[in-house]
Chemist: 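There's a structure below that I have some questions on.
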Amino acid sequence: MLYTKEQKKELEEMVTAFGDYLRNSEYLELIWSDKIGYILLKIWVSSRSIPLAPVIIEDGEMLCEELFCEIANDVLEYTGNGHDRKNADPLERAEIRRRYQPYIEQFPQYQKLAEEILMGEDSMYP
């Protein structure tokens, strides 16, 4: 079994919740494999390449972490300040929190995770 019934339900809810974000992202593609489950691809559309290794999603927390990191990176890329999350200025942090809010409302169990990511703490996944 790829996921427990509870994990599969949470992942499906997340895929729905983050659906517009994933569809509109130029850099992400989430796909399903009957053999290994959800796979997050970090892509470059312009060169039709996958510059980073695919991420096999273990559970909802992992998917949420990956997507929260990408949302934060989107904000930092937009501002063009050339720094990481740990060094985000107050306006950047406020915008990241604003973008997280709809997802936190749906998945309040990941509020702490969102704050850790916002502060630039390292991932719990390799």
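Numbers here simply count residues along the sequence, with the first being 1.
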Chemist: Enter the distance from Ile43:CD1 to Ile50:CD1 here, rounded to the nearest 0.5 Å.
Modeler: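 Separation between the atoms: 7.5 Å.
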Chemist: Going by the angle between their ring planes, with limits at 30° and 60°, are Trp32 and Tyr38 parallel, tilted or perpendicular?
Modeler: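 Perpendicular: the ring planes of Trp32 and Tyr38 meet at over 60°.
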Chemist: For Tyr110, which residues count as a ring-ring contact (aromatic ring centres under 6.0 Å, His included) partner, sequence neighbours excluded?
Modeler: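 Counting only residues at least two positions away or on another chain, Tyr110 forms no ring-ring contact (aromatic ring centres under 6.0 Å, His included).
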Chemist: Evaluate Glu115 against Arg97 for side chain to side chain contact (heavy atoms under 4.5 Å, CB included), listing each step before the verdict.
Modeler: CA-CA 8 Å; Glu115 285 301 316; Arg97 279 190 184 97; 3.1 Å; yes
Chemist: Measuring from Asp59:CG to Tyr3:OH, what's the distance to the nearest 0.5 Å?
Modeler: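 One finds 8.5 Å between CG of Asp59 and OH of Tyr3.
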Chemist: Is any side-chain heavy atom of Leu63 closer than 4.5 Å to a side-chain heavy atom of Phe18?
Modeler: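 No; the side chains remain at least 4.5 Å from each other.
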Chemist: Begin with the C-alpha distance, continue with both residues' side-chain angles, and end with the deciding distance and a verdict on side chain to side chain contact (heavy atoms under 4.5 Å, CB included) for Asp74 and Tyr21.
Modeler: CA-CA 11 Å; Asp74 291 348; Tyr21 176 73; 2.6 Å; yes
Chemist: Could you walk me through whether Gln109 and Glu10 pass side-chain hydrogen bond (donor to acceptor under 3.5 Å, both in side chains), step by step?
Modeler: CA-CA 11 Å; Gln109 67 270 34; Glu10 181 182 48; 2.8 Å; yes
Chemist: Honestly curious: do Ile56 and Ile31 fall in one hydrophobic cluster under the side-chain, below-4.5 Å linking rule?
Modeler: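 In one cluster: yes.
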Chemist: Measure centre to centre between the rings of Tyr27 and Trp44, then say whether the value is under 6.0 Å.
Modeler: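 They do not qualify: ring centres at least 6.0 Å apart.
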Chemist: Counting only heavy atoms not in Glu29 (residues, nucleotides, ligands), do more than 12 fall under 6.0 Å from its CD?
Modeler: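 At most 12 heavy atoms, drawn from other residues, nucleotides or ligands, come within 6.0 Å of this atom.
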Chemist: Using a 4.5 Å cut-off on heavy atoms from C-beta on, say whether the side chain of Lys42 contacts that of Pro54.
Modeler: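 Heavy-atom side-chain distance check fails, nothing below 4.5 Å.
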Chemist: Are any of the side-chain heavy atoms of Phe68 and Leu118 separated by less than 4.5 Å?
Modeler: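 Sidechains of Leu118 and Phe68: no contact.
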Chemist: Could you tell me the separation between the CG atom of Asn73 and the OG atom of Ser25, rounded to the nearest 0.5 Å?
Modeler: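 Interatomic distance, Asn73 CG to Ser25 OG, rounded to 0.5 Å: 10.5 Å.
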Chemist: Is there a continuous path of hydrophobic side-chain contacts, each under 4.5 Å between heavy atoms, that joins Leu41 to Met62?
Modeler: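 In one cluster with Leu41: Met62, no.
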Chemist: Can you find a heavy atom in the side chain of Leu67 that is under 4.5 Å from one in the side chain of Leu28?
Modeler: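 Leu67 vs Leu28: side chains touch.
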Chemist: What is the distance from atom CG of Asn87 to atom CZ of Arg93, rounded to the nearest 0.5 Å?
Modeler: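 These two atoms lie 8.0 Å from each other.
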Chemist: Between atom CD1 of Ile57 and atom CG of Leu2, what is the distance when rounded to the nearest 0.5 Å?
Modeler: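 Output value for this atom pair is 13.0 Å.
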Chemist: CG/Leu11 to SG/Cys64 distance, rounded to the nearest 0.5 angstrom?
Modeler: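 Leu11 CG to Cys64 SG: 10.5 Å, rounded to 0.5 Å.
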Chemist: Using modelled atom types only, decide if a donor and an acceptor are shared between the side chain of Glu95 and the backbone of Leu91 within a distance under 3.5 Å.
Modeler: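 No.
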Chemist: Measure across Ile39 and Ser33 and return the closest heavy-atom pair with its distance rounded to 0.1 Å.
Modeler: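 Minimum heavy-atom contact is CD1-CB, 3.8 Å.
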Chemist: Considering all heavy atoms of both residues, which atom of Gln106 and which atom of Pro102 are nearest to each other, and what is their separation?
Modeler: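 The pair with the smallest heavy-atom distance is NE2-O, 3.2 Å.
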Chemist: Do the side chains of Lys9 and Glu12 get close enough for a salt bridge, i.e. N-O under 4.0 angstrom?
Modeler: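 Looking at Glu12 together with Lys9, the answer is no, because their closest N to O distance does not fall below 4.0 Å.
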Chemist: Does Gln7 use its side chain to pair, donor to acceptor, with the backbone of Thr4 at less than 3.5 Å?
Modeler: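 Checked: pair present.
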Chemist: Should the heavy atoms of other residues, nucleotides or ligands under 6.0 Å from CD of Glu26 be counted, would the total exceed 12?
Modeler: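 At most 12 heavy atoms, drawn from other residues, nucleotides or ligands, come within 6.0 Å of this atom.
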Chemist: Which heavy atom of Cys69 sits nearest a heavy atom of Tyr100, and at what distance?
Modeler: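 In terms of heavy atoms, the two residues are closest at N-OH, 4.4 Å.
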Chemist: Salt-bridge test for Glu92 and Arg85: reply yes if a basic N is under 4.0 Å from a carboxylate O, no otherwise.
Modeler: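 A salt bridge is absent here (no side-chain N lies under 4.0 Å from a carboxylate O).
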